[in-house]
> 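Below is the structure I would like to discuss, written out as structure tokens.
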Amino acid sequence: MKLGDIYDLLVGRLGDFFYAGTWPTLKAILRNPTLLFRPTAISKEFMFHVWNMGLLTPHANGIVLDMVLVRLWVYRHGHTVHYLQHDKVTKYVALEPNMLMHGQIREHASKAGFNESDGSLIILPYGAENTSAILSALGGAQVDTIISILTLCSVPSPEKTINAVVRDLLHPGGQLLFREHVLSDHPDVAWWQRFLTPLWKIPLDGCRLDRPTHIWIEKMGVGDANGVWKEGRVWSTDGEPDDGLLWHRIGRYVKR
């Protein structure tokens with residue numbers, strides 16, 4: 001663990017963007033050089049890879065519940081909706097306790113073709129931990145897909161919350177799609193994550209560097225008769241080192 005990694009933490013979100021989007025965007029330009037004359041198209045291509053990650057577009061379907069709680073300035077509330085396929089997703093449900101953010105979510109959803117007027121958009125003023133209120137608002141209907149993008153780092157009682165969300169809100173055969181920064185496998189990096197978290201979480205609305213979110217999800221049981229998951233897979237962002245303070249894991253799990 002190098003002191004330079006502390007600096008990397010301060011700019012890590014920007015670095016995260018570049019890890020996810022730069023190389024795929026360059027390849028797209030090589031395939032279609034005319035993109036160089038279309039800056040807006042390049043921006044859309046870049047953001048597609050940042051948010052899609054081989055996760056949302058190919059897998060999200062049916063009624064999608066997005067645990068929107070994204071607080072950092074480089075991520076915009078409700079942006080994930082742009083990477084859902086409208087012919088596969090019938091309803092987009094966004095959770096956001098801060099009602100001041102609802103307008104931004106509504107704007108993004110509308111651009112993606114999801115609107116409250118036709119019932120394809122629902123914005124709920126609840127946190128993910130309030131599963132009974134969420135289920136009541138959905139008329140008792142469970143959802144097909146749950147999305148968690150940089151959310152579980154800041155929710156209260158995260159292990160309890162993710163267990164409750166999957167148990168109460170996701171129907172059998174439904175899927176959890178997530179991308180979270182997690183506690184490092186490297187002991188020296190994990191020490192720094194734990195050391196820095198009390199300071200890090202103050203300006204970043206409770207965001208913690210030291211949560212082993214991917215392990216909590218796996219602990220729910222994969223493949224065995226008593227486990228929650230029928231199947232599951234976890235992978236990393238292409239090009240991202242595994243010894244950074246902001247190490248991300250991407251995953252897809254299907255409920256038994």
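Values below: all heavy atoms of this structure, side chains included; hydrogens, waters and symmetry mates excluded.
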> State, yes or no, whether a side-chain contact exists between I162 and L176 at a heavy-atom distance under 4.5 Å.
yes
> With sequence neighbours excluded, tell me which residues meet ring-ring contact (aromatic ring centres under 6.0 Å, His included) with Y126.
none
> Does V222 share a hydrophobic cluster with I146, counting links as ILVMFWY side-chain heavy atoms below 4.5 Å and allowing steps through other members?
yes
> Return yes when atom NZ of K91 has more than 12 non-hydrogen atoms of other residues, nucleotides or ligands closer than 6.0 Å, and no otherwise.
no
> So do I217 and H214 actually touch side chain to side chain, heavy atoms under 4.5 Å?
no
> Kindly assign one of parallel, tilted or perpendicular to the pair Y92 and F114, based on the angle between their ring planes and the thresholds 30° and 60°.
tilted
> When Q193 is tested against each of D188, L183, L246 for side chain to side chain contact (heavy atoms under 4.5 Å, CB included), which residue passes?
L183
> I'd like to check the ring-ring contact (aromatic ring centres under 6.0 Å, His included) partners of F178; sequence neighbours left out, ordered by chain and number.
none
> So, taking the atom named CD1 in I147 and the one named CG in D66, what distance separates them when rounded to the nearest 0.5 Å?
5.0 Å
> Taking all non-hydrogen atoms of both residues, which atom of V165 and which atom of A128 are closest, and how far apart?
CG2-O, 3.3 Å
> Who are the ring-ring contact (aromatic ring centres under 6.0 Å, His included) partners of W216, not counting sequence neighbours?
none
> Side chains of M99 and P125, heavy atoms from C-beta outward: is any pair under 4.5 Å?
yes
> Ignoring hydrogens and angles, tell me if any N or O in the side chain of K88 forms a donor-acceptor pair with the backbone of P58 under 3.5 Å.
yes
> Check whether K255 reaches the backbone of L170 with its side chain - one donor and one acceptor, N or O, closer than 3.5 Å.
yes
> Between E180 and S148, does the side chain to side chain donor-acceptor pair (under 3.5 Å) criterion hold? Intermediate values first, please.
CA-CA 8 Å; E180 301 285 346; S148 178; 2.5 Å; yes
> Quick one: side-chain hydrogen bond (donor to acceptor under 3.5 Å, both in side chains) partners of N163, sequence neighbours excluded?
none
> Does the pair L245 and V189 meet the rule for a side chain to side chain contact (heavy atoms under 4.5 Å, CB included), with working shown?
CA-CA 6 Å; L245 286 165; V189 179; 4.1 Å; yes
> Checking side chain to side chain contact (heavy atoms under 4.5 Å, CB included) for the pair Y253/V234: CA distance, chi angles, key distance, verdict?
CA-CA 9 Å; Y253 282 80; V234 177; 3.3 Å; yes
> Which residues pass the side-chain hydrogen bond (donor to acceptor under 3.5 Å, both in side chains) test with D185, sequence neighbours left out?
none
> Would a distance-only check, ignoring hydrogens and angles, find a side-chain to backbone donor-acceptor pair under 3.5 Å from T151 to M67?
yes
> Check this for me: does any side-chain nitrogen of one of R252 and E231 sit under 4.0 Å from a carboxylate oxygen of the other?
yes
> Got a donor-acceptor contact below 3.5 angstrom from the H102 side chain to the E96 backbone?
yes
> The criterion is salt bridge (Lys or Arg N to Asp or Glu O under 4.0 Å); which residues satisfy it with R249, sequence neighbours excluded?
none
> Sub-3.5 Å donor-acceptor pair from the side chain of Q175 to the main-chain atoms of H59, do we have one?
yes
> S132: which residues meet the side-chain hydrogen bond (donor to acceptor under 3.5 Å, both in side chains) condition with it, sequence neighbours left out?
none
> Once you round to the nearest 0.5 Å, how far does CD of Q142 lie from CG of L135?
6.5 Å
> Can the positive tip of R194 be found less than 6.0 Å from the middle of the six-membered ring of W191, inside 45° of the ring normal?
no
> Answer with yes or no whether the hydrophobic clustering places I122 together with L169; edges join I, L, V, M, F, W, Y residues whose side-chain heavy atoms lie under 4.5 Å apart.
yes
> For the side chain of W229 and the backbone of D224, is there at least one donor-acceptor N/O pair under 3.5 Å apart?
no
> Among residues at least two apart in sequence or on other chains, which ones pass salt bridge (Lys or Arg N to Asp or Glu O under 4.0 Å) with R211?
none
> Does T161 use its side chain to pair, donor to acceptor, with the backbone of P156 at less than 3.5 Å?
yes
> So, for S184 and A190, which heavy atoms are closest and what is the spacing to 0.1 Å?
O-CB, 3.9 Å
> Kindly compute the distance separating CG (L65) from CG (L177), expressed to the nearest 0.5 Å.
11.5 Å
> Using the rule side chain to side chain contact (heavy atoms under 4.5 Å, CB included), only one of W200, W192, W247 pairs with L209; which is it?
W200
> Quick one: list whatever passes ring-ring contact (aromatic ring centres under 6.0 Å, His included) with H171, sequence neighbours left out.
none
> Restricting to salt bridge (Lys or Arg N to Asp or Glu O under 4.0 Å), what partner residues turn up for K219, sequence neighbours left out?
E159
> Listed by chain and number, what are the side-chain hydrogen bond (donor to acceptor under 3.5 Å, both in side chains) partners of T197, not counting sequence neighbours?
none
> Does the N61 side chain pair with the main chain of V89, one donor and one acceptor, at a distance under 3.5 Å?
no
> Taking the six-membered ring for Trp, is the centroid-to-centroid distance between H248 and W235 below 6.0 Å?
no
> Looking at CG of L84 and OG1 of T145, how far apart are the two atoms once the value is rounded to the nearest 0.5 Å?
8.5 Å
> Start with the C-alpha gap between L150 and H181, add the side-chain angles, then the distance that decides, and say whether side chain to side chain contact (heavy atoms under 4.5 Å, CB included) holds.
CA-CA 7 Å; L150 301 177; H181 61 78; 3.9 Å; yes
> Working to the nearest 0.5 Å, report the span between CD1 of I202 and CG of L199.
5.5 Å
> Linking I/L/V/M/F/W/Y whenever any side-chain heavy atoms sit under 4.5 Å apart, do V182 and I149 land together?
no
> Without swapping roles, check the side chain of T57 against the backbone of Y83 for a donor-acceptor pair under 3.5 Å.
yes
> Tell me every residue that passes salt bridge (Lys or Arg N to Asp or Glu O under 4.0 Å) with R208, counting only those two or more places apart in sequence or in another chain.
D210
> Any side-chain heavy-atom pair from V93 and V64 closer than 4.5 angstrom?
no
> Evaluate the side chain to side chain donor-acceptor pair (under 3.5 Å) criterion for residues S120 and N115: first the C-alpha distance (whole Å), next the side-chain angles of each, then the deciding distance (0.1 Å), finally the verdict.
CA-CA 5 Å; S120 61; N115 297 282; 5.1 Å; no
> Let me confirm one number: the OG-CG distance from S136 to N130, rounded to the nearest 0.5 Å.
10.0 Å
